Amino acid sequence: MFRFTMAAALLLASASAFAQTADRIWSGGPILTMNDAAMRAEAIAERDGRIIAVGSSEEVMPLRGPDTRLIDLNGRALLPGFVDAHGHMMMGGLQALSANLLAPPDGDVTSIASLQQVLRDWVAANQAAVDKAKLIIGFGYDNAQLAELRHPTRDDLDAVSDDYPILIIHQSGHLAVLNSKALEIAGISAASKDPEGGVIRRRADSEEPNGVLEELAMFSALFKILPAIGAEGFKEFARAGSNLWARFGYTTAQEGRSSPDTVRLMREVAAEGSFAIDVVTYPDVLIDRDFIKAGVSPGYDQRLRIAGAKLTIDGSPQGFTAWRDQPYYKPMGNYPPGYSGYAAATAEQVFDAALWAAENAIQLITHANGERAMDLLIAAQRAAAARHPEAGALRPALIHGQFVRADQLDDFKALGVIPSLFPMHTFYWGDWHLEHTVGPEKGQNISPTGWVLERDMIFTSHHDAPVAFPDSMRVLDATVTRRARGSGVVVGPQHRVDVITALKAMTLWPAYQHFEETTKGSLEVGKLADFVILSADPTAVDPETLDTLAVTETVKEGRTVFRLDARTARAAENPGFTRAMAALAGASHAPRMIQPSAWSQVLAGQKAAVTTACLSDLFLALSDGMASAPGR
């Protein structure tokens, strides 16, 4: 299914030699094809964005013509471009263009004091834009990684600035912290009541807000503070997100949960030619199914396509909102005895979505982390398959599946569901899972890639950015080593995989997940010339050092879209919000109040229909709010 035979590849290459010459030929370093019939090659040739030969130098070099450009890899490794199995590229642009509040190794925040300093440094580096935009944004702090083991407060942020509103978003997307100025703009005071589905945290022995807002309280505030970003700022996020993904070797990005308004704006960005790489998007199946049905396509229009639909059943395992079949181990927070999370969608919605997707031959990808959420997904897919036996051929995908049981994998295999797992959790939250979410025994089996392989299934490995950077080498490292960043403990050694398997989970298998295996995912004649060039051969280094490899170049259809140099290295190390702020600074009017779309109104708490359970709720609400801002 995934292979070209070696004989067929050589035959086509030989035929090409008589018909055409190459535009470019790469050689001089290891070439890993992800084609089991010929995993390694010495040279690869491209013409008009397609691979026309791959193999030994003797087989490829006859395609050299007078205008062929010969590219010496100088020992670097060339692989198929990475295919994003699941991420949120639009809000990844926010991550790329805001103060970086992530903990090491992706950032420098380890304490309240260091968080304050990072914000001060970012403001100093972007002072002109901040002065014009009158807004300071940070993303990615994690109280579990701070020395104080607490959230920052309004007082902590007031120490950075009490003139401009400051908004910092927790890495989980479930909380935000506002300084006093931002609270004032949001209209939150001691007299404010907690909204349904949200919490305004208070100072000790007082009704005065301490700056920390949870869930729908956060959304309500965001929709009052962020309107100035609007459609143009959203489009800037899209461009920045595309460039950030390319910086880490991705030649196909995913916007894993969108709305009609965000898709329309992405189409505008695509029409401008601003996407450096391909982008697949999955609009939310609970918003506008007619829009999805009309727009879904197997092909790209100016590097953008609607690939299917997205369903979200539960929330975040590290945030204790994944819907489990048993109580959480030792949850941190004010949880009742026996607390096991909750559903973000009703059983009726889940069954209806699965049946609709099968009836209309549309791929459905489903966010489910907890065991009960996956039980519900299995029941819905089983019902869809009973009515439509071809449903498994639509390649439905399980997104995340952190706590998936072995018996559930048996069911997913029978139903044709592809597990898109999140082994990066073992690095970022491995210790947290062992100590708090599921405990030291069950924690060994989060993202159980070993169980998947035992069943002769494929899996894909993703980053879910902007939960973390879309750092491909971190994805690779975590899938291979599963080593927690704090303790250094290997979380589930039985689920470690070899480097080639991990690379397939980032190339060939996600291409299959996206129905693009005939054009992407491996280096074979006729496929797109989508390449990533690494600083060294990942199969030849100590697996414990995989995270030190660098993406030195990304090639999309034969054209370089990223090259590592002193300038791009600095940009990657110092994410800022400069370009978005500059766009805001050019506005000729005062910030507007957003009139959210119907879905945004629900998420903002104006209708008590749903609660926010996962980070993609935040991404969808913010992006939809910006995209649907008036005055476009």
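Keep in mind it's a predicted model, so treat the numbers as computed, not measured.
At a threshold of 4.5 Å between non-hydrogen side-chain atoms, the residues Asp84 and Thr252 do not count as touching. Considering only heavy atoms from C-beta on, Lys556 stays 4.5 Å or farther from Phe275 through its side chain. No side-chain heavy atom of Val561 sits under 4.5 Å from any side-chain heavy atom of Val555. Looking at heavy atoms from C-beta onward, Arg267 lies out of side-chain contact with Leu265 at the 4.5 angstrom threshold. The shortest distance between side-chain heavy atoms of Thr33 and Glu524 does not fall below 4.5 Å. In this structure the side chain of Ile362 reaches within 4.5 angstrom of the side chain of Trp356, judged on heavy atoms. A 4.5 Å side-chain heavy-atom check between Gln381 and Leu364 finds at least one atom pair inside the cut-off. Taking the side chain as every heavy atom from C-beta outward, Ser27 and Met61 approach each other to under 4.5 Å.
If you take CE on Met457 and CZ on Phe412, they are separated by 8.0 Å, rounding to the nearest 0.5 Å. In this structure, CG in Asp547 is found 9.5 Å from CG in Leu476, a value given to the nearest 0.5 Å. The line from CG of Asn243 to OG1 of Thr554 is 10.5 Å long, rounded to the nearest 0.5 Å. We find the CE-CD distance between Met266 and Gln302 to be 14.0 Å, quoted to the nearest 0.5 Å. Taking CG of Leu508 as the reference point, atom CD1 of Ile500 lies at 11.0 Å (rounded to 0.5 Å). Summarising the geometry, atom CD1 belonging to Ile365 is positioned 13.5 Å from atom CG belonging to Leu394; distances are rounded to the nearest 0.5 Å.
Donor-acceptor pairing under 3.5 Å is recorded for the side chains of Thr560 and Glu553. In summary, the side chains of Tyr428 and Gln171 do not present any donor paired with an acceptor at a separation below 3.5 Å, with no hydrogens or angles considered. Side-chain contact annotation: Ser522 with Lys527, donor-acceptor N/O pair under 3.5 Å present. Side-chain polar atoms of Arg40 and Thr539 form a donor-acceptor pair below 3.5 angstrom. Side chains of Thr519 and Glu516: a donor-acceptor N/O pair is absent below 3.5 angstrom, by distance only. Checked by atom type, the side-chain pair Asp464/His88 shows a donor-acceptor distance below 3.5 Å. Side chain to side chain, Asp542 and Thr545 fail the donor-acceptor criterion of an N or O pair below 3.5 Å. No hydrogens or angles considered: a donor-acceptor pair under 3.5 Å links the side chains of Thr281 and Ser258. In the model, Ser535 has no side-chain atom that pairs as donor or acceptor with a side-chain atom of Thr552 under 3.5 Å.
The pair Arg496-Glu544 meets the salt-bridge criterion, with a side-chain N (NZ, NE, NH1 or NH2) lying under 4.0 Å from an Asp/Glu carboxylate O. Classification of Asp288 and Lys293 as a salt-bridged pair fails, no side-chain N sitting under 4.0 Å from a carboxylate O. Ion pairing between Asp278 and Arg305 fails under the 4.0 Å rule for side-chain N and carboxylate O.
In this structure, Arg474 is positioned above the aromatic face of Phe427, its NZ or CZ under 6.0 Å from the six-membered ring centre and within 45° of the axis. Geometrically, Arg395 engages Phe515 in a cation-pi contact defined by less than 6.0 Å to the ring centre and at most 45° from the axis.
With Ser447 contributing its side chain and Phe422 its backbone, the two residues share a donor-acceptor pair below 3.5 Å. Using a distance-only test at 3.5 Å, with no hydrogens or angles considered, no donor-acceptor pair links the side chain of Ser274 to the main chain of Ala270. For Glu255 (side chain) and Met90 (main-chain N/O), a donor-acceptor pair under 3.5 Å exists by modelled atom type. Listed for the Arg50 side chain is a donor-acceptor partner under 3.5 Å among the backbone atoms of Gly526. With hydrogens and angles disregarded, no donor-acceptor distance shorter than 3.5 Å links the side chain of His367 to the backbone of Thr312. A side-chain donor-acceptor contact under 3.5 Å links Gln254 to the backbone of Ala85. The closest donor-acceptor contact from the side chain of Asp498 to the backbone of Thr501 lies under 3.5 Å. No donor-acceptor pair closer than 3.5 Å links the side chain of Arg47 to the backbone N or O of Ile52. Side-chain N or O atoms of Asp477 include none that pairs as donor or acceptor with a backbone N or O of Met473 at under 3.5 Å. Within the 3.5 Å criterion, the main-chain N or O of Leu102 finds a donor-acceptor partner in the side chain of Asn100.
Results of the side chain to side chain contact (heavy atoms under 4.5 Å, CB included) test with Glu557 over Ile277, Asp48, Asp530 single out Asp530 as the only residue that passes. Partner Pro419 forms a side chain to side chain contact (heavy atoms under 4.5 Å, CB included) with one of Thr449, Leu409, Val404, Ile458 and no other, that one being Leu409. Evaluated for a salt bridge (charged side-chain N to carboxylate O under 4.0 Å, His left out) with Asp284, the options Lys310, Arg289, Arg257 yield exactly one hit, Arg257.
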task: Run the numbers on Leu78 and Leu73 for side-chain contact (heavy atoms from CB on, under 4.5 Å), then give the verdict.
output: CA-CA 8 Å; Leu78 185 147; Leu73 292 170; 4.0 Å; yes
field: Chi angles and distances behind the side-chain contact (heavy atoms from CB on, under 4.5 Å) call for Thr68, Asp23
entry: CA-CA 5 Å; Thr68 300; Asp23 291 334; over 6 Å; no
query: Passes side-chain contact (heavy atoms from CB on, under 4.5 Å), Tyr282 versus Ile306? Steps please.
result: CA-CA 6 Å; Tyr282 291 83; Ile306 296 176; over 6 Å; no
task: Kindly indicate, with the supporting measurements, whether the criterion side-chain contact (heavy atoms from CB on, under 4.5 Å) is fulfilled by Trp26 and Glu42.
output: CA-CA 8 Å; Trp26 288 261; Glu42 295 177 336; over 6 Å; no
- request: Could you check Ser461 against Thr479 for side-chain hydrogen bond (donor to acceptor under 3.5 Å, both in side chains), going step by step and ending with a plain yes or no?
  value: CA-CA 7 Å; Ser461 187; Thr479 308; 2.9 Å; yes
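Among all heavy-atom pairs drawn from Asp36 and Lys504, the shortest one is OD1-NZ, 2.7 Å. Across every non-hydrogen atom of Met89 and Val279, the tightest pair is SD-CG2, 3.7 Å.
Aromatic pair His463/Tyr250: centroids less than 6.0 angstrom apart. Checked against the 6.0 Å centroid criterion, the rings of His400 and His86 qualify as a close aromatic pair.
Shown here is Arg455, whose CZ atom has more than 12 heavy atoms of other residues, nucleotides or ligands within 6.0 Å.
Taking the six-membered ring where the residue is Trp, Phe248 and Phe469 present tilted rings, their angle falling between 30° and 60°.
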